[in-house]
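For reference, the structure is listed below as structure tokens.
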Amino acid sequence: MAGCERGPLGRHRPPASMARYEPAVAERKWQAAWAQRGAFAGRDDDPRPKYYVLEMFPYPSGRIHMGHVRNYTLGDVVARYKRAKGFNVLHPMGWDAFGLPAENAARDKGIHPKEWTLNNIATMRGELQRMGLSIDWSREIATCHPGYYAHQQKLFLDFLKAGLAYRKKAKVNWDPIDQTVLANEQVIDGKGWRSGAPVEKRELEQWFFSITRFAEDLLSALDRLENWPERVRVMQRNWIGRSEGCRVQWDVLGRTQRLEVYTTRPDTLFGAAFLAVSADHPLATEVAKNDANARSFIAECHSLGTSEEAIEAAEKRGYDTGLRARHPFRANEQVPVFIANFVLMEYGTGAIFGCPAHDQRDLDFARKYRLPVRRVVAPANPSEPIEIGDVAYTGDGVLMNSDFLNGMTVPQAKNEVAMRLERAGRGKRELNFRLRDWGVSRQRYWGCPIPVVHCPRCGVVPVPEKDLPVRLPEDARFDQSGNPLENHPTWKDTSCPSCKGKARRETDTLDTFVDSSWYFARFCSPRASVPIERKTVDAWLPVKQYIGGIEHAVLHLLYARFFTRGLRATGHLSLDEPFEALFTQGMVGHQTYKDEHGKWLFPSEVAVGDDGQARHKETGRPVTVGRSEKMSKSLKNVVDPGAIIDKYGADTARWFMLSDSPPERDLEWTDAGAAGAFRFVQRLWRLFDESANALPRPRTPAPKQFGAEAARMRTLTHRTVAKVSADLERFRFNVAVARIYEFVNTLLDPAVGGAAKGADGGWARREALEALARLVAPMIPHSAEEAWQRLGHTSIVTDEAWPAFDEALAREDVATLGVQVNGKLRGTIEVAVGMPEAEVRALALKEAESQERIKNALEGKPIRKVIVVQDRVVNIVV
RNA sequence: GCCCCUGUGGCGGAAUGGUAGACGCGGCAGACUCAAAAUCUGUUGGUGGCAACACCGUGCUGGUUCGAGUCCGGCCAGGGGCACCA
């Protein structure tokens, strides 16, 4: 953007020196300067290499919290660093703005969800802007804006056309508190992920996305996501849950229809002791018709459902139907058929065969119902007993008691059984996934309307694209239970786009995870008239670095990967994976406080006295200090970022977030640490302020010669630049911070300050300070700007290139080697870097004569061997 | 139960198989000050010793190696994920 010369720089010329750095003044000044220059615009037509860095966008809950501060600080360091390295950086921000809390606020406070959301966005945008983030605000999006959800509706229609979205009657997870449906991923320990209420099963007609169509690809592509944390990939792998198995058909005596079961252990077929079907299996329903006991058993299974009790009551129970099934390979062998409470209708065929010897659950069941236990896999370890006790054998081994399988290994036997079953028409190999299709219907108001119409004559009819968006009605009511769209007197009445007759709008809205499944693509062309503009998306995507919390390892990240595949299938983009690299930052924690009555207290209500006893600030009563936990409203252990920025400024908050803890680990917020960060910001300013006047002018040519002192300073500068650059590349921000501390400490050391005396020293010192200002710029940008200006520059440091370093200067010429005797350190010697091994050996042995510690350790014993590690260590073995 | 991660001073944490504890916080001592705050200087793993120095020390326990916080085996503890998935 133009206007560099007439920016705020010219208007606000600070005094030549200020004793104390005033964050409130400086931060406002520089934020205005950046905004005026459009310093952070990502430009579609810029020929420089593009770099898209993205942090997970926030839900506009009201205020930002420390977790946001950490997340966005990390992202900002990356964005600013890459910009300085010459990349054309895209670093946008938006709002995950649909969702239930807005409706709750409407119900509780009588404020419309839209108004509540937009107010929160305004507040939080202001808070984020106060952090001084290098965000391209011109690309801001909010998912609740019709300009966003209109395009999402178009994508939905494309998915519908491609068969990726469909409707089916299904048992769904019903959250009785939120009065809505949840996806499997959103049910945690049988409870709703948001409400925490035990989830019920209900049968409803629902919209689904066929994520399972991509199950195999979603799984195998994980291997190529090398810059994702391994644990996220493991979690997704577990969630997708691929299993290779086999369907096996059993003849049931007295029936024509065979019973089909699914197994991953076809090799253990000769160890089968029973069959078991789910309570929801058609066979169970049929048996129940004429069997009152079966009916009551099935009813019992249903009453447990998937609620909490069912999970805790892990007891395996069954009901013997009296039916007998014939073994597929042994016509005269028969096993009983049970209805069992632990068999799931949704997985495989809803029926299993039980092999007690080699499956713990089957063994428990067999012991309870006194069924035979026949071992068919011999233990791999010959000293192990053959007898099966209370523990099933699930290890490898060779088949026994198994007819034609005897002597085969487990994999061989699996193969053989599958082959014979297929040949006999009694079964076939099958690939199964734990992953289910993604249920996206929500019976809520504050979400993206699903753009279809239900017509009594034509069925489900898509809304024509020219009629998009299907807008939410503004005049919904939130004071009654159920779906406000359903309750609205007129909104759902419409005409069929196809036959023009009376029809009804779909009143379900989309799961808000749909909104966040493609926002990263919309940022590339946020105002385009199509959802995704191919040209710009192809230029920017994939996101080079994505940063967010580990809590989205399965939900959001899996959905976004699915959506990318769906968008590719519908021609919106040509991308394999949305996020090339993922970084998951740790949580921000704080100590917890309780008063005498066990009531949680805010940290701001507690003061620690000189005696180390924590007390309530007002009542003076003692307070119990608990362990550090993730900041949460319920524990009240929250620190408001706004209050911290008021007190210390944004740079202090940012510096604290980066120092001490590695970014992937949890960070504990402490007052002492924040105060320490503030002291550093002040100290840094003093360094620049006190040095500036004695320096040569900016851009003074380098002197021809450097004295020893100046040369030493230059070595330090170049080495620091090299190290900090390497640390930032590797996300080792805490180590980069430590290097900067060392650098600053040395520059403040009066002994080193003496080097600034001569012309060469002054030049070296300016070089050091200019490097320093640029090194800290990604982390504490306001202080860096202030320092840069104090050094006499009229440009802004944000526009400066990242400092280069001279390999030759960064190299040390003297190395201090440890001298070990039998691996124990006994002394040190100084050598020229790169000194040949023989010379080092000679020197070390000579020193061994004169250095008491080494001599004593040797005690005149014969030297067996001397090991020299270049520039590191010498080990004398005696 | 299965899978993954993490265990280092009073605390957060450094350390390509090569001088363990960088850097920060906290503590202690001192300077400045009428005093305090701020700032600055020194010191700070443990034990013994006036000291030089010695010994011990990265959850425990074996091993590989001239040398292990780091690699390998077995255990223990904490955290996270998955879990009637046949």
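As the structure is a prediction and not an experimental result, all values here were calculated from the model. Quick note: numbers below take in every heavy atom, side chains included, and nothing from hydrogens, waters or symmetry partners. The chains referred to below are lettered A, B, ... by the order of the sequence lines, with proteins before strands, and numbering in each begins at 1.
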message: Taking 4.0 Å as the cut-off, does a side-chain nitrogen or oxygen of A/R361 come that near to OP1 or OP2 on B/rG1?
response: no
task: Answer yes or no: does a side-chain N or O of A/R237 lie under 4.0 Å from OP1 or OP2 of B/rG81?
output: no
query: Mind checking the P distance from B/rG78 to B/rC85? Whole angstroms is fine.
result: 26 Å
message: In this structure, how many angstroms lie between the P atom of B/rG12 and the NE2 atom of A/H590, rounded?
response: 15 Å
- prompt: Under 4.0 Å between a side-chain N or O of A/R679 and OP1 or OP2 of B/rC25?
  reply: yes
- request: Using a strict 4.0 Å threshold on nitrogen-to-oxygen distance, state whether A/E230 and A/R237 make a salt bridge.
  value: yes
field: Nucleotide B/rU65, atom P - distance to NZ of A/K824 in whole Å
entry: 20 Å
query: Does the ring of A/Y393 carry A/R375 above it, NZ/CZ under 6.0 angstrom from centre and within 45° of its axis?
result: yes
task: Look at the side-chain N and O atoms of A/S659 and state whether any lies under 4.0 Å from the OP1 or OP2 oxygen of B/rG12.
output: no
- request: Any strand is fair game: report the nucleotide pairing with B/rC28 by Watson-Crick or G-U wobble, both distances under 3.5 Å, or none.
  value: B/rG42
message: Can you see if the side chain of A/R233 gets near the phosphate of B/rC3 - specifically, an N or O under 4.0 Å from OP1 or OP2?
response: no
field: Phosphate OP1/OP2 of B/rG7 contacted by A/R665 side-chain N/O (<4.0 Å)
entry: yes
message: Any side-chain N or O of A/R853 below 4.0 angstrom from OP1/OP2 of B/rA54?
response: yes
query: Looking at A/N856, does any N or O in its side chain come under 4.0 Å of the phosphate oxygens OP1/OP2 on B/rA54?
result: no
query: Can you check whether A/R434 has a side-chain N or O nearer than 4.0 Å to OP1 or OP2 of B/rA86?
result: no
- prompt: Over how many whole Å does the gap from A/F342 atom CZ to B/rC84 atom P extend?
  reply: 13 Å
message: Side-chain N or O of A/Y741 versus OP1/OP2 of B/rG24: is the shortest distance under 4.0 Å?
response: no
statement: Rounded to whole Å, CD of A/E664 lies from C1' of B/rC4 at a distance of 15 Å
message: Rounding to an integer number of angstrom, what distance separates B/rG26 and B/rA35 when you compare their P atoms?
response: 24 Å
- prompt: Salt-bridged, A/D359 to A/R265, with N to O below 4.0 Å?
  reply: no
task: Classify the nucleic acid contact of A/V877 as base, sugar-phosphate or nothing, counting any heavy atom under 4.0 Å across all strands shown.
output: sugar-phosphate
- prompt: Within the pair A/R231 and B/rC82, is there a side-chain N or O less than 4.0 Å away from OP1 or OP2?
  reply: no
task: Tell me what A/E742 touches on the nucleic acid: a base, only sugar-phosphate, or nothing, going by heavy atoms under 4.0 Å.
output: sugar-phosphate
query: Between A/R683 and B/rA38, is there a side-chain N or O to OP1/OP2 distance below 4.0 Å?
result: no
field: Donor-acceptor pair present, A/N875 side chain and B/rC66 base, under 3.5 Å
entry: yes
- prompt: Do any side-chain nitrogens or oxygens of A/N822 fall under 4.0 Å of OP1 or OP2 in B/rG67?
  reply: no
